[in-house]
Q: 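Pasting a structure below so you can have a look.
The figures that follow rest on heavy atoms only: side chains count, while hydrogens, waters and symmetry mates do not. When a ligand or atom number is given, it counts from 1 through the structure's own listing order.
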Amino acid sequence: MTTARSWLASAQDSPFGVHNLPYGVFSTAARPGRRRIGVRIGDFVLDAGGAARAAGVPSVLLDADSLGPLLAAGRPAWAQIRAGLTAWLTDETYRNALSPLLVPVAEATMHLPFEVADYVDFYASEHHATNLGRIFRPGAEPLTPNWKHLPIGYHGRAGTVVVSGTPVVRPHGQRKAPTDAVPDFGPTRRLDIEAEVGFVVGTPSELGTPVPMDGFAEHVFGVCLVNDWSARDIQAWEYVPLGPFLGKSFATSVSPWIVPLEALEHARVAPPARDVEPLPYLDDRGGEPWGLDIAMEVRLNGHTVSRPPFATMYWTGAQQLAQMTANGASLRTGDLFASGTVSGPAKETRGALIELTWNGEDPVKLPDGSTRAFLENDDEVTITATAPGPDGAVIGFGEVTGRVLP
Ligand SMILES: O=C(O)/C=C/C(=O)CC(=O)CC(=O)O
Ligand SMILES: [Ca+2]
Ligand SMILES: [Mg+2]
């Protein structure tokens, strides 16, 4: 296949070229109350509903203030709309009609692109799970006996998923260090991040009917970046025996651009070897597994502190989807499930400060001479990522960023 090129100069050699075309929801200062679906192309946001009208094929799925209707429309509609956008942005004859519908990225305010239905967070990095096991449960086997038999996860708080740029207020909660006799209540002293990848569900499923791994592309619309902000002192005290609760439910940030699954076809890689035989519903050996070669980067106050490699994740999104629905639980349009913290084997590839600093014992040094065990007020964390596209093209995910407020 030859590489299609856009007539838009800034789309050439861009991580937002015609091979990507991620969807978001934006407004402009001229009309702040008017939210529209935008498609990122080069340094611009294309007003997608306007583009469809200009091309003579008005679309109720694109003329919307949320991605909800598009998500619900299903894979054939997603493919058809993507093909239309690709044609309009590569065929020179659309240039004059579409050019007035391009808004410079700097002039677009991005919003949460869909109403998050249910939110699930997994625990799928063997390196992260091993590190956290050692830190939270010293002396015990770091990986619990179930870890290689099923993707462990928990249900999070959909209503506190916020778009990139939303400030994160330092949460209060019960804190009790192992050496304290009793807990006290106050602002977390151990505010942390978790660099993750999020999967956005489009097509719903029926209650009582599990979705197998090969239903992944039918149900999952696309992929975003996630920062699962975590208060480690609150978490360590409250999580026994039911798992994460208030230490993680105060805010979860997502990137504003949803990269369609079709754009990641060239990023598919084999996941790590399965050294415990998976049960049949999770066995992706011999099939077409959904490992993804997404290279992530975590910046703290502009300084790169980690480069987590998503390709090292033990459990894939397809296995997580199969696990999430194995009991017959249904999917809803707008469900978001996150991969779990992405940590590679090397220290500089760990996706959370608790691992990077080994529970604060070995603080991260910043160029201004300061150090961080955990986040301080006014710190800003940004996660970015790229993946390989066709013919050497790069697929950009944009960023998820957030600043800590007292
Ligand atoms: O090992 C534990 O007790 C908990 C670890 C986590 O913080 C889990 C989590 O949020 C899942 C993940 O992001 O990998
Ligand atoms: Ca997490
Ligand atoms: Mg969270």
Q: In terms of atom number and element, which parts of ligand 1 are under 4.0 angstrom from non-hydrogen atoms of Asp228?
A: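 Under 4.0 Å from Asp228, ligand 1 has these atoms: 10 (O).
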Q: In terms of the angle between their ring planes, are Trp147 and Trp315 parallel, tilted or perpendicular, with boundaries placed at 30° and 60°?
A: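 Ring orientation, 0 to 90° scale: tilted.
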Q: Which residue and atom name correspond to the protein heavy atom nearest atom 5 (C) of ligand 1, and how close is it?
A: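 Among all protein heavy atoms, the one nearest atom 5 (C) of ligand 1 is Leu132 CD2, 3.3 Å.
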Q: Quick one: NZ on Lys248 to OG1 on Thr160, what's the gap to the nearest 0.5 Å?
A: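 If I round to the nearest 0.5 Å, the distance is 12.0 Å.
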Q: Closer than 4.0 Å to some heavy atom of Glu196 - which atoms of ligand 1 meet that?
A: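 Taking each heavy atom of Glu196 in turn, ligand 1 has 13 (O) under 4.0 Å.
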Q: Specify the protein heavy atom at minimum distance from atom 11 (C) of ligand 1: its residue, its atom name, and the distance to 0.1 Å.
A: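 Going atom by atom, the protein heavy atom closest to atom 11 (C) of ligand 1 ends up being Phe122 O, 3.0 Å.
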Q: Among all protein non-hydrogen atoms, which one is nearest to atom 14 (O) of ligand 1, and what is the separation to 0.1 Å?
A: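 It is Thr341 N, 3.0 Å.
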Q: Parallel, tilted or perpendicular for Phe337 and Phe216, by the 30°/60° rule?
A: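 Correct class here is perpendicular.
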Q: Stepwise, does the ring pair (Phe, Tyr, Trp, His ring centres under 6.0 Å) test hold for Phe221 with Phe114?
A: CA-CA 12 Å; Phe221 173 81; Phe114 59 95; 8.8 Å; no
Q: Can you tell me the protein heavy atom closest to atom 1 (O) of ligand 1 and the distance?
A: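 I find the closest protein heavy atom is Tyr123 OH, 2.5 Å.
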Q: Note the single closest protein heavy atom to atom 4 (C) of ligand 1, along with its residue, its atom name and the distance in Å.
A: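 Ranked first by proximity to atom 4 (C) of ligand 1 is Gln235 NE2, 3.5 Å.
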Q: Got the closest protein heavy atom to atom 9 (C) of ligand 1, with its distance?
A: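 Of every protein heavy atom, Lys248 NZ, 3.6 Å lies nearest to atom 9 (C) of ligand 1.
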Q: Is it the case that the side chain of Asp293 and the backbone of Ala311 share a donor-acceptor pair, with hydrogens and angles ignored and the cut-off at 3.5 Å?
A: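 No, because the side chain of Asp293 does not come within donor-acceptor range (under 3.5 Å) of the backbone of Ala311.
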Q: May I ask you to list the atoms of ligand 1 that are less than 4.0 angstrom from any heavy atom of Arg232?
A: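 Heavy-atom distances to Arg232 below 4.0 Å select 7 (O).
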Q: When the ring centroid of Trp229 is compared with that of Phe250, is the distance short of 6.0 Å?
A: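 They do not qualify: ring centres at least 6.0 Å apart.
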Q: Which ligand 1 atoms does Gly340 reach within 4.0 Å, using its non-hydrogen atoms?
A: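 Here the atoms of ligand 1 in question are 12 (C), 13 (O), 14 (O).
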Q: Could you walk me through whether Glu355 and Arg134 pass the salt bridge (charged side-chain N to carboxylate O under 4.0 Å, His left out) check?
A: CA-CA 10 Å; Glu355 292 169 83; Arg134 290 203 173 111; over 6 Å; no
Q: What is the name of the N/O/S atom in Glu194 that sits closest to the Ca ion (ligand 2)?
A: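 Going through the N, O and S atoms of Glu194 one by one, OE1 ends up nearest to the Ca ion (ligand 2).
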Q: Working to 10°, measure the angle at the Ca ion (ligand 2) formed by atom OD2 of Asp228 and atom OD2 of Asp121.
A: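 That angle works out to 80° after rounding to 10°.
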Q: What protein heavy atom lies closest to atom 3 (O) of ligand 1? Include the residue and the distance to one decimal.
A: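 Protein heavy atom at minimum distance: Arg137 NH1, 3.0 Å.
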Q: Decide salt bridge (charged side-chain N to carboxylate O under 4.0 Å, His left out) for Asp233 and Arg189; before the verdict, give the C-alpha distance in whole Å, the side-chain angles of both, and the deciding distance to 0.1 Å.
A: CA-CA 7 Å; Asp233 41 4; Arg189 299 186 183 100; 5.1 Å; no
Q: Write the atom name of the N, O or S atom in Glu196 that is nearest the Ca ion (ligand 2).
A: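 The closest N, O or S atom of Glu196 to the Ca ion (ligand 2) is OE2.
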Q: Mind telling me whether His128 and Tyr123 have parallel, tilted or perpendicular rings, with 30° and 60° as the class edges?
A: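 Perpendicular, since the angle between the ring planes exceeds 60°.
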